[in-house]
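First comes the structure, then the notes that go with it.
Every chain is numbered from 1 and lettered A, B, ... according to where its sequence line falls, protein lines coming before strand lines. Because the structure is predicted, anything quoted here is derived from the model rather than measured.
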Amino acid sequence: MREITLSQAVNEAIAEEMRRDETVFLMGEDVAEAGTPFKITSGLVEEFGTSRVIDTPISEPGFVGLAVGAAMTGTRPLVDLMFGDFLFLVMDQLCNQAAKTHYMSGGKLKVPMVLRTNLGATRRSAAQHSQSLHALVAHIPGLRVALPSSAYEAKGLLKTAIRDDNPVVIFEDKLMYQDKAPVPEEEYLLPFGQANILREGRDVTLIGTSSMVQVCLKAAGLLEAQGISAEVIDPRTIVPLDEATILDSVRKTSRAVVVDEGHRSYGVTAEIAARISEKAFYHLDAPVLRFGAMDVPVPFSPALEDLTVATPDQVAEAAARLCRGEMFHAA
Amino acid sequence: MREITLSQAVNEAIAEEMRRDETVFLMGEDVAEAGTPFKITSGLVEEFGTSRVIDTPISEPGFVGLAVGAAMTGTRPLVDLMFGDFLFLVMDQLCNQAAKTHYMSGGKLKVPMVLRTNLGATRRSAAQHSQSLHALVAHIPGLRVALPSSAYEAKGLLKTAIRDDNPVVIFEDKLMYQDKAPVPEEEYLLPFGQANILREGRDVTLIGTSSMVQVCLKAAGLLEAQGISAEVIDPRTIVPLDEATILDSVRKTSRAVVVDEGHRSYGVTAEIAARISEKAFYHLDAPVLRFGAMDVPVPFSPALEDLTVATPDQVAEAAARLCRGEMFHAA
Amino acid sequence: MAKAKTNTDDYLRMYRQMVRIRAFEDQANQLYLSAKMPGLTHMYSGQEAVAVGICEALTPQDHITSTHRGHGHCVAKGAEFKPMFCELLGKAEGYCRGKGGSMHIADQSNGNLGANAIVGGSMGIATGAALSHKMLGDGQVTVCFFGDGATAQGLWYEVMNMAALWKLPVIYACENNGYSEYTRTEEIAAGSITARAEAFGIESFSIDGQDVLAVNRLAQDLVARCRKGEGPFFIELKTYRYHGHHVGDINRDYYRSKEEEAEWKKSRDPITGFGTWLQSEGIVSSDDLVAINDEVRADAEAAVKYALDSAYPDGSEVDMHVYSDTEHALA
Amino acid sequence: MAKAKTNTDDYLRMYRQMVRIRAFEDQANQLYLSAKMPGLTHMYSGQEAVAVGICEALTPQDHITSTHRGHGHCVAKGAEFKPMFCELLGKAEGYCRGKGGSMHIADQSNGNLGANAIVGGSMGIATGAALSHKMLGDGQVTVCFFGDGATAQGLWYEVMNMAALWKLPVIYACENNGYSEYTRTEEIAAGSITARAEAFGIESFSIDGQDVLAVNRLAQDLVARCRKGEGPFFIELKTYRYHGHHVGDINRDYYRSKEEEAEWKKSRDPITGFGTWLQSEGIVSSDDLVAINDEVRADAEAAVKYALDSAYPDGSEVDMHVYSDTEHALA
Ligand SMILES: Cc1ncc(C[n+]2csc(CCOP(=O)(O)OP(=O)(O)O)c2C)c(N)n1
Ligand SMILES: Cc1ncc(C[n+]2csc(CCOP(=O)(O)OP(=O)(O)O)c2C)c(N)n1
Ligand SMILES: [Mg+2]
Ligand SMILES: [Mg+2]
């Protein structure tokens with residue numbers, strides 16, 4: 001199969017959906033001629049014109065607000081939010097307005113909009129351009145949250161997001177924009193709420209999201225060398241969360257490590273670990289371990305930044321200790 | 001001891017701190033003559049004047065931004081955010097600016113500001129005036145997060161918050177503003193990061209925050225009637241979180257239920273439950289259970305709204321099942 | 001230029017619509033005072049000429065967005081009493097099945113995209129609706145209602161900029177009733193409100209909001225110009241609210257005098273004023289007006305009775321309408 | 001009125017400061033091109049007269065807030081090369097111990113409250129600093145630097161309103177360099193930028209930002225007036241950035257022509273222009289200017305060398321400075 005970059009995959013997804021449905025339009029800062037600073041949307045304005053590929057002023061709350069209103073009235077906006085860190089600017093429009101409109105109207109109004117943004121540190125972009133803030137939106141009912149972990153996933157999940165009748169926030173890993181993966185020429189969609197088992201295993205389940213899926217796969221490789229068989233699961237969407245697939249796996253392996261790039265505390269790993277600990281309680285041979293970004297603002301200095309994100313070594317070591325039955329936190 | 005309402009306790013805390021330190025000032029919408037819609041700050045403008053009790057326009061991002069800059073330059077702003085739901089409007093100033101300034105400046109700049117706001121549903125205020133959003137700020141390193149559960153707690157924690165050199169967000173339960181509790185005449189402070197054991201018990205630990213502390217206490221009463229001895233813990237601050245007190249308790253009781261009024265998924269209960277499940281793993285006789293607000297926008301209709309928040313009965317019943325050794329989620 | 005409404009039918013419909021709003025509010029206030037209404041509500045009485053003058057210039061397909069003080073807009077845009085009162089009481093037959101209540105009442109069937117409990121929160125939505133209509137080329141116009149206090153929200157400036165750049169068919173209608181909550185407009189608004197809109201190149205008007213004919217004439221004109229692509233526009237409408245900020249705001253001497261209130265009611269009431277004019281022009285008799293009033297009041301009373309007797313939504317609805325394609329989100 | 005700087009020492013210091021900025025940026029660009037600098041950075045070259053003309057009107061105690069394009073402000077406010085380059089390289093001796101980097105460089109010792117990676121993000125901070133100074137009565141003035149693109153952020157309008165209402169000693173200095181990222185200002189800014197400030201009753205100016213004497217003269221005047229309580233003020237400074245939006249923005253033909261760039265450099269360079277004037281007035285000789293240039297360039301080179309050789313922060317610093325009273329947040 002041909003291989004394309006994540007960035008190309010996203011571009012294709014947008015183009016295909018805009019061709020299919022002329023109510024879909026794209027808006028954001030420098031999405032037209034410039035194709036975004038990440039060069040993701042290049043070529044779209046040439047095909048679809050400036051009325052459907054709209055450069056906005058630097059008004060994040062404003063254009064997300066416009067998207068909510070447009071979505072309520074017959075079009076399907078796809079909004080480009082240049083950095084995930086700017087989510088903080090648009091939370092009111094996203095969480096007080098978009099997320100609640102369908103419910104507050106008793107089901108009469110719909111908000112079929114997509115907010116595309118990104119996550120991921122280690123790009124030396126410091127504390128305001130490196131955050132992974134998906135846990136925040138996952139906490140708000142009414143939003144769906146997708147976390148693609150490869151070019152293939154990015155295309156399939158984005159196409160599903162655009163067709164979804166609810167507000168969807170999709171986070172791409174900005175470190176992965178140039179990473180290639182096999183992506184079919186034919187059209188495909190990836191369902192929401194269906195986790196992907198990337199690797200089957202017997203001894204421990206590694207649950208990784210977005211950027212951390214590769215970390216888990218590498219950790220699984222390291223574990224294999226030690227004779228430990230790790231299953232790797234990518235939830236794909238954290239809202240809805242495919243609890244069943246995760247629980248089935250943990251009931252089989254009896255051990256789990258959850259890895260996500262959001263801050264560790266009050267983040268995504270807590271929810272997944274808490275659900276496993278509760279619902280697979282009688283199957284667990286060891287505590288569920290969690291890796292998130294360190295609970296510090298992301299530092300600029302490479303010497304510090306690299307310490308803040310989980311590595312395959314750390315994940316493998318923790319998983320190996322679980323499997324060796326080493327007592328964690330025993331009083 | 002005299003009894004005063006939570007609202008009076010907050011008023012006293014502010015007045016005392018403003019008397020003690022003339023760099024402390026109060027700002028927010030209708031905090032002066034009107035004393036806020038909840039009549040919490042009444043009388044302060046008469047004592048401290050309009051230069052220290054400042055009515056702002058309806059510009060939440062703006063005046064929180066002003067507070068950040070003021071805090072960086074020698075004054076200590078106490079900001080009144082009328083409803084916790086408006087946090088979504090100020091997230092950028094709070095989370096990208098206030099929370100990160102000390103770190104990003106390598107420790108050179110400080111942001112000693114307090115954001116006072118509230119949480120809590122069942123006031124028939126619908127989806128944009130009823131949210132409990134403390135999990136969101138707890139996820140962001142650099143912020144401290146306090147959740148007073150009574151008039152006594154509100155006064156002591158707010159005074160500590162005002163003296164703290166870091167940005168602190170303090171959430172009062174708006175349903176509790178008229179509730180009275182014994183509050184000493186003498187000055188006192190309550191430390192951050194030190195949980196409060198409200199009731200000792202042997203069989204199960206109920207961890208409740210803010211509005212849910214009363215729910216846990218009532219549940220403990222119901223359990224006592226069934227011969228079950230419940231320990232009730234109020235963490236007081238969720239950042240920093242007094243993990244040690246919680247773990248000690250659960251290691252003793254072997255069972256835990258965590259109750260919080262934020263949405264259940266990706267919220268506070270997940271973090272506390274995940275830490276207990278991990279670190280008291282070998283002491284647990286049963287899965288850690290969680291109660292949060294239902295994962296739906298808060299509905300207006302009383303018939304629906306009352307279903308969204310945990311009740312003493314529900315908590316007691318779950319705890320009782322844990323103690324009876326009933327299998328939860330057994331495959 | 002569009003033709004202003006000049007025939008008897010049009011006049012009488014405008015008169016009746018203003019009376020309907022007043023009657024609705026009087027009933028709503030009574031419901032509150034007799035503790036039959038959950039929560040709080042904000043009365044539109046005194047501002048009727050604004051909603052009616054503007055909405056009478058719109059088709060049912062044209063959109064409006066409304067505010068926390070939104071009953072007037074809802075009635076003026078064509079809503080019926082029964083589902084409105086049902087909504088205020090949280091009943092299943094409400095426009096939003098009781099999920100929205102007073103602060104979120106919406107009426108999709110008549111183009112009302114909903115009240116909003118975030119001050120200024122609908123400015124993005126209205127502008128986005130205008131963007132949709134421009135894209136769809138359907139010639140529809142959107143009116144964004146908001147108060148003087150809402151001009152302090154930065155969102156307005158962001159969306160005005162985009163509306164002006166993209167020539168969107170939107171009319172920003174600022175109801176300047178002299179107060180935001182308990183504060184006079186002068187204390188929270190520097191400079192000139194019309195100049196703020198003009199600075200974005202938006203043609204702006206400031207008119208008497210108590211004169212329904214003047215409001216309607218201007219609205220007809222601007223709506224027609226919007227349909228021709230000459231939008232956006234801004235109108236400041238000088239008006240007054242008769243009641244407190246909300247139904248519970250009874251003692252308001254500290255922020256405005258009884259004399260001021262009495263003077264507006266006596267000399268500038270929009271209904272009395274228009275009624276007097278209709279009689280002086282020989283269009284109707286005083287008996288005709290009394291008959292309209294009686295009929296409308298009887299309607300309102302009957303609707304209240306109907307709403308009081310009607311059923312709350314079933315508890316199973318609590319997790320419906322969280323996602324548009326999922327019947328029960330938590331099932 | 002304050003006296004504009006007129007003596008030879010003042011002139012030479014201004015000239016030298018402009019040269020220092022240019023030399024700093026040339027080195028930073030080289031560091032990027034030779035892959036010695038982590039991340040990206042935004043060059044200030046071309047805009048030197050703005051930072052220098054304004055900062056020379058301030059005392060070290062007066063505050064400024066800066067932007068993503070912030071090296072110029074930092075140098076002009078008095079910072080030294082070594083800790084600046086150390087910061088850009090993420091070294092321990094950087095102004096922020098390497099934690100901030102280019103986009104967050106701050107220099108508390110000279111009153112620079114920091115660069116900001118959120119466009120417009122420091123507008124609240126600057127206004128809040130002015131509020132602090134007004135409260136403390138210390139006569140200090142705050143200057144808020146931002147770009148033309150930042151005028152699209154709603155925050156600006158919120159804080160201008162408060163600054164105007166409360167007569168705060170703050171000067172908003174908008175460096176209009178014609179572009180925000182890859183988009184011309186006209187495409188994203190409707191109406192008039194000065195009119196937007198004037199609408200809030202703020203006295204506004206639009207001047208040539210390439211003429212350091214003109215900038216300094218106006219700044220001296222406005223700073224003095226601010227100290228007397230006559231603020232706030234707004235200045236639009238027409239200027240140009242010589243490099244791409246950031247150091248990696250090399251091919252920019254699609255949004256601006258090489259001719260345009262060449263024309264600004266040839267005819268409107270702030271350093272050449274001022275140098276020519278200094279010579280024509282007989283204040284310095286061309287040799288004097290060459291000597292200044294050489295000396296500054298040697299300084300810059302030495303500082304780069306120093307920074308390249310200096311140490312990264314120790315890994316243990318990663319969780320320092322999260323909270324101001326806690327040495328290691330995660331210990
Ligand atoms: C973002 C936000 N801030 C504050 C409030 C509380 N609040 C509700 S109405 C109101 C005053 C609004 O004044 P104005 O816009 O003039 O409308 P009016 O009430 O006069 O109709 C305030 C402050 C809110 N609902 N939302
Ligand atoms: C809130 C926010 N939105 C977008 C960006 C990305 N961004 C960085 S600089 C910039 C352009 C800023 O333009 P301007 O204010 O004119 O400053 P200039 O770069 O011209 O100095 C943009 C869009 C950002 N950093 N922050
Ligand atoms: Mg008003
Ligand atoms: Mg610019």
Next on the checklist: The criterion is side chain to side chain donor-acceptor pair (under 3.5 Å); which residues satisfy it with Gln131(B), sequence neighbours excluded?
Outcome noted: Asn96(A), Lys100(A), Asp85(B)

Next on the checklist: Under a 4.5 Å cutoff for heavy-atom pairs, which residue among Val268(B), Asp92(B), Thr269(B) has the most contacts with chain A?
Outcome noted: Asp92(B)

Checklist entry - Mind checking whether Met91(A) and Leu87(B) have side chains closer than 4.5 Å, heavy atoms only? => result no

Item to check | Steps toward side chain to side chain contact (heavy atoms under 4.5 Å, CB included) verdict (Gln128(B), Cys95(A)) | outcome: CA-CA 9 Å; Gln128(B) 294 173 341; Cys95(A) 301; over 6 Å; no

Next on the checklist: Are there residues of residues 239-249 of chain B whose heavy atoms fall under 4.5 Å of chain A's heavy atoms? If so, which?
Outcome noted: Val239(B), Leu241(B)

Item to check | Check: His263(A) and Pro141(B) side chains under 4.5 Å, non-hydrogen atoms | outcome: yes

Item to check | Validation row: Pro287(B), Arg275(A) side chains within 4.5 angstrom (heavy atoms) | outcome: no

Item to check | Worked verdict on Tyr266(A) versus Ile238(B) for side chain to side chain contact (heavy atoms under 4.5 Å, CB included) | outcome: CA-CA 10 Å; Tyr266(A) 301 98; Ile238(B) 52 171; 3.2 Å; yes

Next on the checklist: Could you tell me if the side chain of Phe88(B) sits less than 4.5 Å from the side chain of Leu94(A), heavy atoms only?
Outcome noted: no

Item to check | Option in Pro297(A), Gly262(A), Ala270(A), Ala138(A) with maximal non-hydrogen atom pairs under 4.5 Å from chain B | outcome: Pro297(A)

Next on the checklist: For Val296(A), which atoms come within 4.5 Å of any heavy atom of chain B: side chain, backbone, both, or neither?
Outcome noted: both

Item to check | Check ion pair Glu271(B)-Arg264(A) (N to O, under 4.0 angstrom) | outcome: no

Checklist entry - Could you walk me through whether Val288(A) and Glu278(B) pass the side chain to side chain contact (heavy atoms under 4.5 Å, CB included) check? => result CA-CA 6 Å; Val288(A) 180; Glu278(B) 179 184 336; over 6 Å; no

Checklist entry - Considering residues at least two apart in sequence or located in another chain, which fulfil the ring pair (Phe, Tyr, Trp, His ring centres under 6.0 Å) criterion with Phe83(A)? => result Phe38(A), Phe86(A), His129(A)

Item to check | Asp285(A): salt bridge (charged side-chain N to carboxylate O under 4.0 Å, His left out) partners, not counting sequence neighbours | outcome: Arg255(A)

Item to check | Side chain / backbone / both / neither for Leu284(A) at chain B, heavy atoms under 4.5 Å | outcome: both

Checklist entry - So with a 6.0 Å cut-off around NZ of Lys110(A), is the heavy-atom count from everything else above 12? => result no

Item to check | Ser277(A) side chain near Phe281(B) side chain, heavy-atom distance below 4.5 Å | outcome: no

Item to check | Gap between atom OG of Ser265(B) and atom CD1 of Ile140(A) - 0.5 Å precision | outcome: 11.0 Å

Checklist entry - Of the backbone (N, CA, C, O) and the side chain (C-beta and beyond), which part of Pro299(A) lies under 4.5 Å from a heavy atom of chain B, both, or neither? => result both

Checklist outcome for this item: Between His139(B) and Gly267(A), the two heavy atoms sitting closest are CE1-CA, 3.5 Å

